[in-house]
**Q** 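If you scroll down you'll find the structure; I have some questions about it.
In what follows, chains carry the letters A, B, and so on, assigned in the order in which the sequence lines appear, proteins first and then strands, with residues in each chain numbered from 1.
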Amino acid sequence: MPELPEVETTRRGLAPYVEGHKLVAFSIHERRLRWPVDIPEDLLGQAVRRLRRRGKYLLAEFDGGALILHLGMSGSLRFVPRGSELLTHDHVELDFGTEQVLRLNDPRRFGCVLWQQGEVESHPLLASLGPEPLENEFSGDQLFKRSRGRRVAVKIFLMDAKVVTGVGNIYANESLFLAGVRPTRKSGSIPRHQWEHVARAVRKVLADSISLGGTTLRDFINPEGRPGYFRQQLRVYDRESEPCIQCGTPLIAVVLGGRSTFYCPACQPAKGFGPVSCRSC
DNA sequence: ACTGGCTCCTGAGGGC
DNA sequence: TGCCCTCAGGAGCCAG
């Protein structure tokens, strides 16, 4: 499950081998991802100017446009020796003329590889994305303003890419625990000062996870897949009935918008803050 | 404008 | 041991 931190880790790991390098060859073994894979032939011989991230999208920018890559929930990008045996679910291969070639493997095929001519931000997938959670434009104040009049649960609101991009299910759960806010609360009922704590918690959770993402980076240069360290850092996610690390109360699991949701009924009360007002400060 | 539900897909895990 | 069933999960899309 590549979340924003893993995508960022992937970006940092790939950039040195991709930026400034020409795409010398590519092959598509399975075109049917979320949308049909689209890589124009005339990209061959062109150099990647920059490898950027927007939310969970990786953008490989060329002079005339950009390749938009998304890893869905099971995708990974890794370098393998040229000519290596294809693994099951190796769908796309990109060859930048370096020692190894880049393979996209995605068992569930929720990811995508799409070409956007011209300004990449104008692509429909990117055009309506909200602010980056680790940039300054993201703030409690902005969350407060956007949430007025909204009745959806705060966790669903946080996972809305138009509100803030890149916050997936796991990090929404973890952030709300840190902020002491119950995930089921209506977003419009949350006062400004609590949104400040939520915003800080989101930043902290993502930043901490990126700092642990170095493991993932080594993973795809050394292709022995290993789960990232952040798994062991999870405070509430997938811990139903286990004791809260803060107070020992058994954690509750509910389903919100079809997604698993976990919280501590004591530290994340139905109204207001938990006993420790903010664990992210 | 919002909201909730459906959809794509496969592997993991539980039950028998 | 093995088969079958259920379900997770990002996020676009659609209907109400």
**Q** With sugar-phosphate meaning primed atoms plus P, OP1 and OP2, does A/I156 contact a base, only sugar-phosphate, or nothing at under 4.0 Å between heavy atoms?
**A**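 Contact class for A/I156: none.
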
**Q** Counting just side-chain N and O atoms, does A/Y57 come under 4.0 Å of either OP1 or OP2 of C/dG12?
**A** yes

**Q** So which nucleotide from C/dC13, B/dT10, B/dT3 ends up closest to the side chain of A/V152?
**A** B/dT3

**Q** Can you check the A/L33 CG to C/dG12 P distance for me, whole Å?
**A**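 Roughly 15 Å, once rounded to whole Å.
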
**Q** For A/K162 and C/dG12, give me the distance from atom NZ to atom P, rounded to whole Å.
**A**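 Computing the A/K162:NZ to C/dG12:P distance gives 7 Å.
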
**Q** When you compare the side chains of A/S209 and A/E174, does any donor N or O come within less than 3.5 Å of an acceptor on the partner?
**A**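 Checked: A/S209/A/E174 side chains show no N/O donor-acceptor pair below 3.5 Å.
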
**Q** Side-chain N or O of A/R109 versus OP1/OP2 of B/dT10: is the shortest distance under 4.0 Å?
**A** yes

**Q** Determine the contact category for A/R150: base if any of its heavy atoms lies under 4.0 Å from a base atom, sugar-phosphate if only primed atoms, P, OP1 or OP2 are that close, otherwise nothing.
**A** sugar-phosphate

**Q** How many Å lie between CG on A/N173 and C1' on C/dG10, as a whole number?
**A**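 For the pair A/N173 CG and C/dG10 C1', the rounded distance is 15 Å.
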
**Q** Heavy-atom nearest nucleotide on DNA chain B for A/R146 versus A/G257: which residue maps closer to 5'?
**A** A/R146

**Q** Need to verify one output field. Residue with the more 5' nearest nucleotide on DNA chain B, A/R259 or A/R151?
**A**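 Here A/R151 is the residue nearer the 5' end.
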
**Q** Can you tell me how far C1' of C/dA8 sits from CG of A/N169, to the nearest Å?
**A** 9 Å

**Q** Are C/dA11 and A/F110 stacked, with the base six-membered ring and the side-chain ring centres under 5.5 Å apart and planes under 30°?
**A** no

**Q** In terms of ring plane angle, is the pair A/W195 and A/F157 parallel, tilted or perpendicular, where the classes change at 30° and 60°?
**A**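 If you compare the ring of A/W195 with that of A/F157, the planes turn out tilted.
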
**Q** Taking A/T88's backbone N and O only, do any of them form a donor-acceptor pair with A/N105's side chain (distance below 3.5 Å, no angle check)?
**A** yes

**Q** If you only use heavy atoms from C-beta on, which nucleotide in B/dT10, C/dA8, C/dG12 is closest to the side chain of A/L125?
**A**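 For A/L125, the side-chain atoms sit closest to C/dG12.
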
**Q** What is the distance, rounded to the nearest whole Å, between atom CZ of A/R34 and atom P of B/dC9?
**A** 10 Å

**Q** For the rings on A/Y17 and A/F96, is their centre-to-centre separation under 6.0 Å?
**A**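 Between A/Y17 and A/F96, the centre distance exceeds or equals 6.0 Å.
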
**Q** Using whole Å, report how far CG of A/D160 lies from P of C/dG10.
**A**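 Result: 14 Å.
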
**Q** Between C1' on B/dT10 and CZ on A/R108, what's the gap in Å once rounded to a whole number?
**A** 5 Å

**Q** Check whether any side-chain nitrogen or oxygen of A/H70 sits under 4.0 Å from OP1 or OP2 of C/dG10, and answer yes or no.
**A** no

**Q** Using whole Å, report how far NZ of A/K145 lies from C1' of B/dA1.
**A** 20 Å

**Q** Say whether, by atom type as modelled, one donor and one acceptor occur between the side chain of A/Q268 and the main chain of A/V181 under 3.5 angstrom.
**A** yes

